[in-house]
Amino acid sequence: MPAKLEYNADTWSGNSGGPVYNSSCQVLAIHTYGVGSSKNGGTRITEWLYNFLVQFQE
């Protein structure tokens with residue numbers, strides 16, 4: 001499975017770090033970049049990344 005996920009959803013400056021949802025409202029990635037007006041991408045939430053992020057949850 002690739003570490004990055006690309007999508008055509010509209011994004012703007014300031015969206016970096018935000019969640020990327022699928023149609024079932026599940027978070028699949030963390031938005032990290034946009035190229036032009038049609039290509040956006042994020043870091044896919046893998047099992048390792050999920051476990052890493054959970055460590056900081058209060």
Side-chain angles (χ1 to χ4, degrees):
M1 182 178 293
K4 295 189 181 200
L5 179 68
E6 292 187 345
Y7 40 90
N8 293 324
D10 289 336
T11 60
W12 300 94
S13 296
N15 288 154
S16 294
V20 178
Y21 294 96
N22 66 10
S23 61
S24 299
C25 295
Q26 297 168 316
V27 178
L28 301 179
I30 300 167
H31 178 70
T32 54
Y33 68 91
V35 179
S37 61
S38 63
K39 185 177 177 185
N40 295 294
T43 302
R44 188 181 298 273
I45 298 178
T46 61
E47 182 178 359
W48 180 89
L49 182 54
Y50 174 83
N51 290 331
F52 178 77
L53 295 172
V54 166
Q55 294 178 62
F56 301 101
Q57 189 175 358
E58 289 187 1

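Bear in mind the structure is a predicted one, so any value in this text is a computation, not a measurement.
- Linking ILVMFWY side-chain heavy atoms closer than 4.5 Å, directly or via other members, places V20 and Y50 in two distinct hydrophobic clusters.
- Smallest separation of non-hydrogen atoms from N22 and L28: CB-CD1, 3.5 Å.
- In this structure, R44 and A29 approach most closely via the heavy-atom pair CA-CB, 3.9 Å.
- Between the side chain of Y33 and the backbone N or O of G42, no donor-acceptor pair lies under 3.5 Å.
- Using a 4.5 Å heavy-atom threshold, the side chains of I30 and L49 count as touching.
- Separation of atoms CD (E6) and CG (N40) is listed at 9.0 Å; rounding is to 0.5 Å.
- Taking both residues in full, the closest heavy atoms of Y7 and L5 are given as CE2-O, 3.5 Å, listed atom of the first, atom of the second, then distance.
- When atom types are taken as modelled, the side chain of N51 and the backbone of W48 share no donor-acceptor pair closer than 3.5 angstrom.
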